[in-house]
Amino acid sequence: APPADLRDGTYVSVFEPTVAAVYQLAVTRGGVHILGSPYALVVIPGPTSAAHTLVTCDWGDDNGASSNCALAPAGAVVGAAATFVVVAKDAYNNTNAETTGVDGDAFYYGVTGPGGVAKWAPANATADPVRLPSTALPGHYHGSFDPSVAGEYRVRVTLGSTLARDLVANARPAALSPADFAPVSDGIPTTVAGVWYPVTYRAKDALGNDRAVGGLNVSITTRRVGIAGTETALATTDNGDGTYSASYRIDEVGSWSVEA
């Protein structure tokens with residue numbers, strides 16, 4: 001747009017940038033650049049806005065996702081640090097690299113959830129310690145907590161004392177541990193000969209967390225302890241909720257085992 005002529009040898013033009021970047025400012029007279037034109041004009045982000053701050057799994061650019069991210073659709077795996085990323089943004093969604101704890105403009109987070117998890121800490125202006133141990137990304141902050149119980153966790157992030165985000169994060173069971181599968185049956189430990197008993201096994205991880213979905217190749221058998229060739233495979237039902245069921249009847253008195 002043509003500048004305003006103030007009639008005193010000065011001219012004024014105004015523009016309102018919303019994207020932080022380096023711009024080229026060209027000033028011409030009669031189609032010819034004046035001395036020094038074009039000029040480099042640096043636009044920096046505005047003050048960090050709590051309302052526009054992001055809490056995510058993404059480190060941005062080509063740096064990938066935060067490792068074991070609690071905000072991922074599948075959730076974090078218990079038994080390891082569950083992570084997330086706080087990204088400082090101004091009111092126009094520019095990433096603000098100037099947010100530091102020096103002037104009180106810092107991020108904090110609190111996490112509460114099952115297993116007695118209750119953590120409050122500053123979000124560190126460092127990269128993901130697993131994927132990017134030596135690289136700090138401007139405007140990106142790292143938070144984590146240590147879930148040992150699968151379930152929902154509440155994550156609250158503040159900019160100073162102003163709430164930025166109030167989120168639900170999830171932790172899922174770790175790798176299955178067949179040794180920790182738990183049988184439930186009225187016939188255990190004492191079975192009456194000739195009576196049918198239902199038995200159900202719950203799939204668990206090594207920390208005792210229940211698997212909530214089915215799909216495992218589980219078989220349930222009975223056998224007489226110490227006697228080879230007495231194994232009997234039972235018709236096993238996948239209940240689709242992490243439990244597997246069968247029914248058994250033992251006709252001979254003695255020591256028997258029910259195994260999954």
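Residue indices begin at 1 and follow the sequence shown. Both backbone and side-chain heavy atoms feed into the values below; hydrogens, waters and symmetry mates do not.
Here the side chains of D238 and L216 are not in contact, with every heavy-atom distance at 4.5 Å or above. Residues V149 and N209 form a side-chain contact, since some pair of their non-hydrogen atoms from C-beta on lies under 4.5 Å apart. Taking the side chain as every heavy atom from C-beta outward, V77 and R172 approach each other to under 4.5 Å. For the pair E259 and R223, the minimum side-chain heavy-atom distance is below 4.5 Å. Taking 4.5 Å as the limit, some side-chain heavy atom of F15 sits within range of a side-chain heavy atom of L41. Side-chain contact between R224 and E252: present, with at least one pair of heavy atoms (C-beta onward) separated by less than 4.5 Å. Considering only heavy atoms from C-beta on, V78 stays 4.5 Å or farther from S148 through its side chain. Taking 4.5 Å as the limit, some side-chain heavy atom of S144 sits within range of a side-chain heavy atom of K119.
Side chains of D90 and S49: no donor on one and acceptor on the other come within 3.5 Å. Looking at T95 and K89, their side chains do bring a donor and an acceptor atom within 3.5 Å of each other. If you check the side chains of S245 and N239, you find a donor sitting under 3.5 Å from an acceptor.
The 12-atom threshold is not exceeded at CG of N217, counting heavy atoms of other residues, nucleotides or ligands nearer than 6.0 Å. By the neighbour-count criterion of 12 heavy atoms within 6.0 Å, atom CG of D180 is densely surrounded, having more than that number from other residues, nucleotides or ligands.
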Can you list the steps and then say if Y248 with W196 is a ring-ring contact (aromatic ring centres under 6.0 Å, His included)?
CA-CA 5 Å; Y248 71 93; W196 283 97; 8.1 Å; no
Chi angles and distances behind the side chain to side chain contact (heavy atoms under 4.5 Å, CB included) call for T83, V85
CA-CA 7 Å; T83 66; V85 181; over 6 Å; no
Start with the C-alpha gap between Y197 and T191, add the side-chain angles, then the distance that decides, and say whether side chain to side chain contact (heavy atoms under 4.5 Å, CB included) holds.
CA-CA 8 Å; Y197 291 93; T191 293; 3.4 Å; yes
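Listed for the S37 side chain is a donor-acceptor partner under 3.5 Å among the backbone atoms of V27. Formation of a donor-acceptor pair under 3.5 Å by the D241 side chain with backbone atoms of T243 is found in this model. T10 places no side-chain N or O within donor-acceptor distance of the main-chain N or O of L6, the cut-off being under 3.5 Å. Side-chain atoms of T53 do not come within 3.5 Å of backbone N or O of A88 as any donor-acceptor pair. Side-chain N or O atoms of R29 include none that pairs as donor or acceptor with a backbone N or O of V32 at under 3.5 Å.
The distance from atom CG of N96 to atom CG of L159, rounded to the nearest 0.5 Å, is 9.5 Å. The distance from atom CG of L71 to atom CG of L167, rounded to the nearest 0.5 Å, is 6.0 Å. Atom CG in N94 sits 7.0 Å away from atom OG1 in T18 (nearest 0.5 Å). If you take NZ on K204 and CZ on R202, they are separated by 7.0 Å, rounding to the nearest 0.5 Å. A distance of 12.0 Å separates OH in Y39 from CD in Q24, rounded to the nearest 0.5 Å. Atom NE2 in H140 sits 15.0 Å away from atom CG in N124 (nearest 0.5 Å).
In this structure, V195 is a member of the same hydrophobic cluster as I220, with clusters built from ILVMFWY side-chain heavy atoms closer than 4.5 Å. A continuous path of ILVMFWY side-chain contacts below 4.5 Å connects V157 to V117, so both sit in one hydrophobic cluster. Residues L234 and V192 share a single hydrophobic cluster, defined by chaining ILVMFWY side chains whose heavy atoms lie under 4.5 Å apart. When hydrophobic clusters are built by joining Ile, Leu, Val, Met, Phe, Trp and Tyr residues whose side-chain heavy atoms come closer than 4.5 Å, directly or via intermediates, V86 is not grouped with L163. Both I250 and I188 are members of a single hydrophobic cluster when ILVMFWY side chains are connected at heavy-atom separations under 4.5 Å.
If you look at Y201 and F181, their ring centroids are not closer than 6.0 Å.
The minimum heavy-atom distance linking P147 with A171 is given by the pair CB-CB, 3.9 Å. Here the closest heavy-atom approach between residue Y141 and residue A123 is recorded as CD2-O, 3.5 Å. Considering all non-hydrogen atoms of both residues, A82 and A76 come closest at CB-CB, 3.5 Å. Summarising the geometry of V155 relative to A169, their closest heavy-atom pair is CG2-CB, 3.9 Å, with the distance given to 0.1 Å. Here the closest heavy-atom approach between residue Y244 and residue A203 is recorded as CE1-CB, 4.5 Å. For H52 against A91, the heavy-atom pair with the smallest separation is NE2-O, 3.2 Å.
We find that D166 and R154 are joined by a salt bridge, their nearest charged nitrogen and carboxylate oxygen being less than 4.0 Å apart.
By the 30° and 60° cut-offs, the orientation of the rings of Y109 relative to F84 is perpendicular.
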